[in-house]
Amino acid sequence: MDHRYESSETLRNKCAACYRQFNKKEHLVEHMRTSYHSVHEPMCGVCKKHCRSFESLREHLIGPLPKAECERIFKERGCDICLSILATRSSLRAHRESCLSRPNNNGLLYRMANLGIQDELRIDNSRGRVVALACKMVGGGSDGSLDLCARVCLIDEHERILFHSYIKPNIPVTNYRYEMTGIRPEYLRDAMPLRNVSRKIQEFLCNGEPIWQIRSKGGRSRILVGHGLDHDLKCLEMDYPAIKMRDTAKYPPLMKTSKLSNSLKYLTKAYLGYDIQIGVQDPYEDCVATMKLYMRMKLSQFHKKENHPLATDPQNKNNFASWRQNELERMTPDQLLDFSRSDYYCWCLDSQDY
């Protein structure tokens, strides 16, 4: 066999995104059909390899078996927070200072100011289009393992508190989890009932728009940011459309390489550079962390603008249709990547919509 011919064939069948090589072009096409590579994936600043998550990008740069050249350059002028590569070491120092987030002390001030209660929440279109929510749970049931929402906080994109209240659960509390929540029985005795809190929050999020009419783009409803939002909303006994939720626990670029969720504590340390949830936990602190993560993912990713960025958009349904197999196999890897689309909604698209 002519080895020169074999290497050129292998190169021709090399994925332009993840650099995986295939023996046959049909195998590359099938890979592109199921991988959903796109401009929205985290990408190595050295070799331009696409990675499914920032965790896999981190492994590519400084993991157990990193690519040697990428590791060398990253160690010289790579930011260990956002994983970007800077032009010089001096620019890296300046960048890292701005890249490193710092915790907001407002949570401590509110906690010291009469338990931090702020329970006036009104529909007001001037109060931002993006809000972050976090809850703290106490225990119910015979063994105290049932999560009951006992404290909730809502902030705007400028980290200002919109709503902060203790909640009286619908069933008796059997474990206040004081070491973690700092909540005592007297805090909940005259607290606002769960139903009232849920109604206030839902009305504020919908912002005068009927919940069944909320669409992914436009409208008056607000984007809701959080970590583990499905669980929080379940404990609040309220609904909100998934198309308006931005969950740091379920966002693919922030997940583990195993496609499991990272903890908010880990994400804050790894991608913002500071610690949270030390000792008694404050929902305001969690709100700030999720909002900072959302804003970083939204504003710091400079992705090519596409008219129809999602694989689920009707305009993309035939991109890799089986009836186009012969045509697809004649395309170059770069051409295949050009019209490959993401299978998740990248948060940078919120910048284009609002």
Side-chain angles (χ1 to χ4, degrees), residues 7-57 59-60 83 214-219 223 241-248 250-261 294 297-354:
S7 62
S8 66
E9 278 295 295
T10 304
L11 184 63
R12 194 168 71 87
N13 300 333
K14 180 180 178 180
C15 176
C18 67
Y19 301 157
R20 185 177 171 185
Q21 296 182 353
F22 299 88
N23 292 328
K24 296 182 178 181
K25 192 62 173 287
E26 63 189 87
H27 298 158
L28 170 61
V29 171
E30 183 59 30
H31 166 75
M32 296 301 295
R33 184 177 283 131
T34 58
S35 63
Y36 300 103
H37 288 310
S38 75
V39 297
H40 298 286
E41 293 176 303
M43 187 170 64
C44 174
V46 181
C47 70
K48 309 305 179 186
K49 176 183 178 180
H50 291 227
C51 297
R52 185 62 180 175
S53 66
F54 285 103
E55 198 86 344
S56 57
L57 175 57
E59 288 185 5
H60 168 77
L83 305 182
I214 291 176
R215 305 177 305 279
S216 59
K217 296 182 180 180
I223 290 174
I243 54 175
K244 301 295 283 191
M245 298 194 317
R246 307 290 182 260
D247 195 334
T248 55
K250 296 168 66 176
Y251 188 51
L254 293 177
M255 296 178 78
K256 298 178 181 180
T257 52
S258 60
K259 298 184 180 180
L260 297 174
S261 298
Y294 168 75
M297 294 296 107
K298 172 184 171 182
L299 301 175
S300 66
Q301 309 299 306
F302 304 106
H303 299 150
K304 173 185 172 184
K305 187 173 181 179
E306 299 165 323
N307 291 330
H308 309 290
L310 297 177
T312 52
D313 288 338
Q315 295 83 358
N316 298 322
K317 68 177 182 179
N318 291 324
N319 283 9
F320 289 97
S322 56
W323 55 265
R324 296 185 64 186
Q325 185 69 23
N326 291 336
E327 177 191 356
L328 293 169
E329 289 182 19
R330 290 193 296 270
M331 292 183 180
T332 66
D334 286 326
Q335 288 173 329
L336 291 172
L337 179 59
D338 278 344
F339 64 83
S340 181
R341 294 294 182 266
S342 176
D343 61 342
Y344 65 88
Y345 182 89
C346 181
W347 293 348
C348 78
L349 299 174
D350 287 342
S351 298
Q352 300 172 18
D353 291 338
Y354 297 99

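Just so it is clear, the structure is predicted and the values come from calculations on it, not from any experiment. FYI, side chains are in, hydrogens and waters are out, and symmetry mates aren't considered; it's all heavy atoms of this structure.
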**Over all atoms of both residues, closest heavy-atom pair of Ser261 and Lys256** = O-CE, 3.4 Å
**Asked** Can you tell me if Tyr344 uses its side chain to pair, donor with acceptor, with the backbone of His40 under 3.5 Å?
**Response** yes
**Point-to-point distance, once rounded to the nearest 0.5 Å, from NZ of Lys298 to SG of Cys348** = 10.5 Å
**Prompt:** Side chains of Tyr345 and Ile243: closer than 4.5 Å at any heavy-atom pair?
**Reply:** no
**Prompt:** So do Leu349 and Pro309 actually touch side chain to side chain, heavy atoms under 4.5 Å?
**Reply:** yes
**Asked** Does the side chain of Arg33 pick up a donor-acceptor pair with the side chain of Gln325 at under 3.5 Å?
**Response** yes
**Asked** Where is the tightest heavy-atom contact between Pro333 and Leu28, given as atom of each residue plus distance?
**Response** CG-CD2, 4.1 Å
**Message:** Walk me through whether Met331 and Arg324 qualify under side-chain contact (heavy atoms from CB on, under 4.5 Å).
**Reply:** CA-CA 11 Å; Met331 292 183 180; Arg324 296 185 64 186; 3.8 Å; yes
**Gap between atom OG of Ser342 and atom NE2 of His37 - 0.5 Å precision** = 11.5 Å
**Request:** Report yes if the side chains of Cys346 and Tyr251 come closer than 4.5 Å at any heavy-atom pair, otherwise no.
**Result:** yes
**Message:** Would you compute the distance between atom CE of Met32 and atom CD of Gln335 and round it to the nearest 0.5 angstrom?
**Reply:** 11.5 Å
**Item:** Heavy-atom check, side chain of Leu57 versus side chain of Phe54, under 4.5 Å
**Value:** yes
**Asked** Taking atom CD of Gln21 and atom NE2 of His31, what is their separation to the nearest 0.5 Å?
**Response** 11.5 Å
**Request:** State whether the number of non-hydrogen atoms from other residues, nucleotides or ligands found under 6.0 Å of Lys25 atom NZ is greater than 12.
**Result:** yes
**Message:** Using modelled atom types and a 3.5 Å cut-off, is there a donor and acceptor pairing between side-chain atoms of Asn319 and backbone atoms of Ser340?
**Reply:** no
**Prompt:** So, do Phe320 and Thr34 sit near enough that their side-chain heavy atoms are less than 4.5 Å apart?
**Reply:** no
**Item:** Polar side-chain atom of Asn316 near backbone of Leu310 as donor-acceptor pair, under 3.5 Å
**Value:** yes
**Request:** Step by step, work out the side-chain contact (heavy atoms from CB on, under 4.5 Å) result for Leu328 and Leu336.
**Result:** CA-CA 7 Å; Leu328 293 169; Leu336 291 172; 4.0 Å; yes
**Asked** Would a 4.5 Å heavy-atom cut-off, applied to side chains only, mark Asp313 and Arg341 as touching?
**Response** no
**Request:** Might you point out which heavy atoms bring Val39 and Glu306 nearest each other, and give the distance in Å?
**Result:** CG2-OE2, 3.7 Å
**Prompt:** Taking atom NZ of Lys244 and atom CZ of Arg246, what is their separation to the nearest 0.5 Å?
**Reply:** 7.0 Å
**Request:** Please confirm whether the backbone N or O of Cys47 pairs with a side-chain atom of Tyr19, one donor and one acceptor, at under 3.5 Å?
**Result:** yes
**Prompt:** From Glu329 CD over to Glu26 CD, what is the distance, rounded to the nearest 0.5 angstrom?
**Reply:** 5.5 Å
